[in-house]
Amino acid sequence: MRDKPLLQVENVSKTFKVHGKTLHAVENVSFTLEAGKTLGIVGESGSGKSTLGRMVLRLLESDQGRIVFDGVDLSGVKKNKLRELRRDMQIIFQDPRASLNPRMTVGDAIEDAMAIHKIGTKASRRLRVIELLERVGLPHEAIYAYPHELSGGQLQRVGIARALSLNPKLIVCDEPVSALDVSIQVQVIQLLRELQEEYNLTYIFISHNLAVVEYLSDEIAVLYLGEVVEQAPAEELFKKPTHPYTQVLLGSILRIPESPEMKQEMVSIQGEVPSPLNPPSGCAFHPRCPFAVDTCKTVKPEKKKVSEDHFAACELVGV
């Protein structure tokens with residue numbers, strides 16, 4: 001029985017220099033993730049979701065903080081050891097076509113990581129590729145296809161098969177269905193859920209689609225301008241959203257009412273996301289918040305406990 005969570009992220013931050021200015025991409029983010037569970041990370045475009053996902057895998061180096069994966073502090077790991085650990089940490093990208101080499105067949109793309117890690121023989125790897133293709137719903141003949149010969153949904157299945165090829169423990173799903181047709185999205189989401197149950201996979205699921213996140217996630221972290229403004233178990237977050245940003249996000253979900261009486265007005269967030277090159281003082285959301293008071297403009301809110309596992313960074317919590 002595991003004593004510690006599979007993943008611990010402690011106060012990580014990331015900035016970039018852009019035209020001589022500092023862009024705050026991720027700011028002081030912390031969370032833990034148990035094996036076999038899913039953490040959903042939501043927020044508008046530019047909120048730092050993908051940057052955070054890449055930091056977890058150390059595809060991007062954090063400026064501060066600590067990331068502990070399966071008991072190993074990644075910040076102190078050398079390249080050779082990191083390569084070994086990457087067998088247990090994989091990613092599914094948003095654009096499957098851009099993430100695949102157009103000159104490599106599907107079979108070669110899936111086999112590539114196994115060859116790099118010297119897993120099995122050429123023949124055994126080929127058998128594994130065929131097995132993975134069939135598991136993700138593709139015919140074994142796809143092993144000879146090139147990316148341009150497949151549809152977007154088929155390519156994302158290839159991306160999933162490639163992520164599974166090394167039997168990972170953790171997969172970062174970086175908006176894996178946002179580029180797909182709605183009908184294909186449902187198929188891919190269901191596949192991801194089946195694979196999680198089958199292989200006891202742990203997911204970080206990054207998306208701006210709250211309906212998808214609600215379906216897949218055990219816990220949800222809401223990001224705004226690189227900061228976690230609310231975090232809670234998925235069921236509680238959707239029943240009792242506390243931060244004004246979360247409330248407006250949930251109010252913007254398009255739902256089909258079961259009856260005319262249940263029809264609700266769509267809610268939109270006023271204004272634009274401020275530039276991370278020049279974030280607002282105090283609470284970063286205050287220029288767009290319908291409940292903002294003077295304190296919100298000057299005081300950066302601390303995370304406050306809403307319930308046992310529910311936190312929100314808002315001055316109005318408990319007021």
Side-chain angles (χ1 to χ4, degrees), residues 1-17 22-41 47-94 99-101 109-120 125 128 132 159-176 192 195-196 199-206 218-219 221 223 226-228 231:
M1 187 174 180
R2 181 183 293 274
D3 295 326
K4 295 184 178 180
L6 178 68
L7 180 67
Q8 296 170 270
V9 175
E10 302 173 0
N11 303 312
V12 297
S13 296
K14 181 66 179 177
T15 60
F16 298 96
K17 288 295 182 182
T22 300
L23 186 151
H24 298 267
V26 173
E27 194 79 20
N28 201 33
V29 170
S30 299
F31 62 83
T32 61
L33 184 56
E34 302 289 340
K37 301 296 185 180
T38 298
L39 172 68
I41 299 179
S47 61
K49 304 185 299 296
S50 294
T51 299
L52 178 58
R54 283 162 171 74
M55 289 167 66
V56 167
L57 301 178
R58 242 188 84 177
L59 296 175
L60 286 173
E61 300 288 352
S62 58
D63 296 336
Q64 67 177 46
R66 197 166 74 114
I67 298 171
V68 180
F69 174 73
D70 206 13
V72 178
D73 187 345
L74 298 184
S75 59
V77 172
K78 302 297 182 184
K79 287 185 178 180
N80 289 341
K81 177 63 176 176
L82 184 60
R83 174 175 284 191
E84 292 179 22
L85 288 170
R86 288 237 166 93
R87 290 181 59 169
D88 292 327
M89 304 184 297
Q90 293 295 304
I91 185 169
I92 301 170
F93 293 97
Q94 177 179 358
S99 68
L100 293 170
N101 187 332
I110 297 173
E111 184 188 346
D112 193 41
M114 292 186 282
I116 289 171
H117 287 276
K118 299 180 173 60
I119 297 174
R125 291 196 296 267
R128 172 68 172 156
L132 287 169
I160 294 170
R162 183 175 60 176
L164 290 173
S165 65
L166 297 176
N167 295 314
K169 297 176 181 177
L170 170 70
I171 298 180
V172 174
C173 305
D174 188 4
E175 306 236 25
L192 288 171
L195 292 170
Q196 183 174 41
Y199 297 110
N200 194 37
L201 295 170
T202 306
Y203 290 148
I204 292 178
F205 194 89
I206 297 167
D218 298 289
E219 189 166 350
L223 257 65
E227 299 181 54
V228 175
Q231 186 170 342

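This chain uses plain numbering: 1 for the first residue, then up along the sequence. The structure displayed is predicted, hence computed values, not measured ones.
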Shortest non-hydrogen pair, Ala161 vs Ile110, comes out as CB-CD1, 3.8 Å

Could you grab the distance from atom CG of Leu7 to atom CD of Glu34, nearest 0.5 Å is fine?
-> 10.0 Å

Would you check, one step at a time, whether the test side-chain contact (heavy atoms from CB on, under 4.5 Å) holds for Gln64 with Thr15?
-> CA-CA 10 Å; Gln64 67 177 46; Thr15 60; over 6 Å; no

At their closest point, which heavy atom of Thr51 faces which heavy atom of Lys14, and how far apart are they?
-> CG2-CG, 4.1 Å

Shortest non-hydrogen contact between Ile67 and Met55, atoms and distance = CD1-O, 3.2 Å

In this structure, CZ of Phe205 is separated from CG of Asp218 (nearest 0.5 Å) by 13.0 Å

For residues Leu164 and Leu201, determine if any side-chain heavy atom of one lies less than 4.5 Å from a side-chain heavy atom of the other.
-> yes

So, are Asp112 and Arg162 salt-bridged, with charged N and O less than 4.0 Å apart?
-> no

From CZ (Arg66) to CG (Leu74), nearest 0.5 Å | 10.0 Å

Return the minimal non-hydrogen interatomic distance between Ser50 and Ile206, and the atom names on each side.
-> CA-CD1, 4.2 Å

Would you sort out whether Phe16 and Leu60 count as a side-chain contact (heavy atoms from CB on, under 4.5 Å), showing the intermediate values?
-> CA-CA 11 Å; Phe16 298 96; Leu60 286 173; 4.2 Å; yes

Leu33 side chain reached by Leu6 side chain, heavy atoms, under 4.5 Å = no

Atom pair CD/OG of Glu10 and Ser62 - distance to nearest 0.5 Å | 11.0 Å

Flag side-chain contact, heavy atom, 4.5 Å: Val228 against Phe31 | no

Can you see which heavy atom on Gln231 is nearest to which on Ser30, and at what distance?
-> OE1-O, 3.6 Å

Answer whether the closest heavy-atom distance between the side chains of Val77 and Asp73 falls below 4.5 Å.
-> no

Any side-chain heavy-atom pair from Leu170 and Val56 closer than 4.5 angstrom?
-> yes

Look up atom CE in Met114 and atom CG in Asn167, then write down how far apart they are to the nearest 0.5 Å.
-> 9.5 Å

May I have the step-by-step check of side-chain contact (heavy atoms from CB on, under 4.5 Å) for Cys173 and Ile171, ending in yes or no?
-> CA-CA 6 Å; Cys173 305; Ile171 298 180; 4.0 Å; yes

Quick one: does Ile119's side chain get under 4.5 Å of Arg128's, heavy atoms only?
-> no

Asn200 and Gly36: which non-hydrogen atoms are nearest, and at how many Å?
-> OD1-CA, 3.4 Å

Side chain proximity check, Glu227 to His24, heavy atoms < 4.5 angstrom | no

Once you round to the nearest 0.5 Å, how far does NE2 of His117 lie from CZ of Arg125?
-> 12.0 Å

Will you find, in the side chains of Thr202 and Lys37, an N or O donor that is under 3.5 Å from an N or O acceptor?
-> no

Tell me, do Glu61 and Arg58 make a side-chain contact under 4.5 Å, heavy atoms counted?
-> yes

